[in-house]
Amino acid sequence: MSRTEIEVFEQEELARVRISMAPPLRWVNSYILRGEEGVTIVDPGPRSNLTESEWRTALSELDISPRDIVSIVVTHHHPDHYGMAGYLQLLTGAEVFMSRRAHEETERMWGEGSAMNDALLQLYRKHGMPQSWYGQLPAHMESFLAQVTPSPEVTYWEEGDALVMGGRDWIAVESAGHAPGHLSFYDPERCLMLCGDAVLPQISPNISLLPGSDPQPLQSFMESLAKLGTYEVVKAFPGHRNPFTHFAERTQALLAHHEERLDRIGSLLTERDQTGFDVCTALFGLDLGIHQMRFAMSETLAHLVELVRRGRAVEIADPEGSIMFRGAGRVG
Ligand SMILES: [Zn+2]
Ligand SMILES: [Zn+2]
């Protein structure tokens, strides 16, 4: 790792370390906060041989020894944020903090006897995905297991609770939608927000409908954006891309983006009845890898269930057993 991949903010209290992950995101931002209480790592990244060596280099460049690390804080359960928490806990003995709901999601995804992979395949099949796509899912989903092993012992940190990181009180703000139980962390003294993937600059955070998880993820996300937009934020430290200043405007832009996408899907459904997969390919095309297809399909379904919730579309069962969506008011 070159020195330029560590960047220091706020009088050296807060450092951003870029940890590698798969394209298209390429890196996740891990943050290191140093105070008298010790060192805190926020979102350590996915586990791989490469990221283990990136952490060794980063800690030695910052002159941090493993025993200096007292807390590992996880914004949400996705492998690119939570993945290395257990490995680093073994290395450092640090406490790992995340919300109870986020911890439940790790169990749902990767816990013993998890039925997620099969349930996801069935969900996509029911929504019209052909076998050539859903057949790729099991191997793809299993590939994440190595990134999140071993799992950590977790201490819960919930909405409104304060934790000292970098010598300051940070308050947890529940900001679900991108992931259930997602927490952002707010420093009210300096108006800083560590926002994980709840608000990203340039990128629209993926909103996924997943079986057994949040049944209305887009509604949750839009409520979180409305709430986060009320905070006074001088600088936001996101999970991907670079720290940014226009936090409230970004929440507004993301809300507008989703309203536009809902309108676009609503108009597609006035033309003819469509499966989730039909809508997905109309929006995102087919020139995708399986990872992007999973994001595209679950994002489409998240919008479709939101249209149904708002009374702008209805679900109808197709005689073949799949589910079709119909624009409200259209006669089939
Ligand atoms: Zn995420
Ligand atoms: Zn992420």
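Note that ligands are numbered from 1 as they come in the structure, with each ligand's atoms numbered from 1 the same way.
- Minimum interatomic distance between A85 and I72 (heavy atoms only, all atoms of both residues): O-CD1, 4.0 Å.
- For E153, the CD atom sits in a loose shell: 12 or fewer heavy atoms of surrounding residues, nucleotides or ligands are nearer than 6.0 Å.
- Closest approach between the Zn ion (ligand 1) and any N/O/S atom of H178 involves NE2.
- Hydrophobic clustering, with ILVMFWY side chains joined whenever heavy atoms are under 4.5 angstrom apart, keeps L194 apart from W27.
- Distances from the Zn ion (ligand 2) under 2.8 Å pick out these protein N/O/S atoms: D80 OD2, H81 NE2, D197 OD2, H240 NE2.
- Distance alone, capped at 3.5 Å, places no donor-acceptor pair between the T251 side chain and the L228 backbone.
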(message) ring pair (Phe, Tyr, Trp, His ring centres under 6.0 Å) for H76 and Y82? Distances and angles first, verdict last.
(response) CA-CA 7 Å; H76 65 297; Y82 155 85; 9.9 Å; no

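- Within a 6.0 Å radius of CZ in R67, no more than 12 heavy atoms belonging to other residues, nucleotides or ligands are found.
- Counting backbone and side-chain atoms alike, H182 contributes no N/O/S atom closer than 2.8 Å to the Zn ion (ligand 1).
- In summary, R312 and D263 engage in a salt bridge, as defined by a charged side-chain N under 4.0 Å from a carboxylate O.
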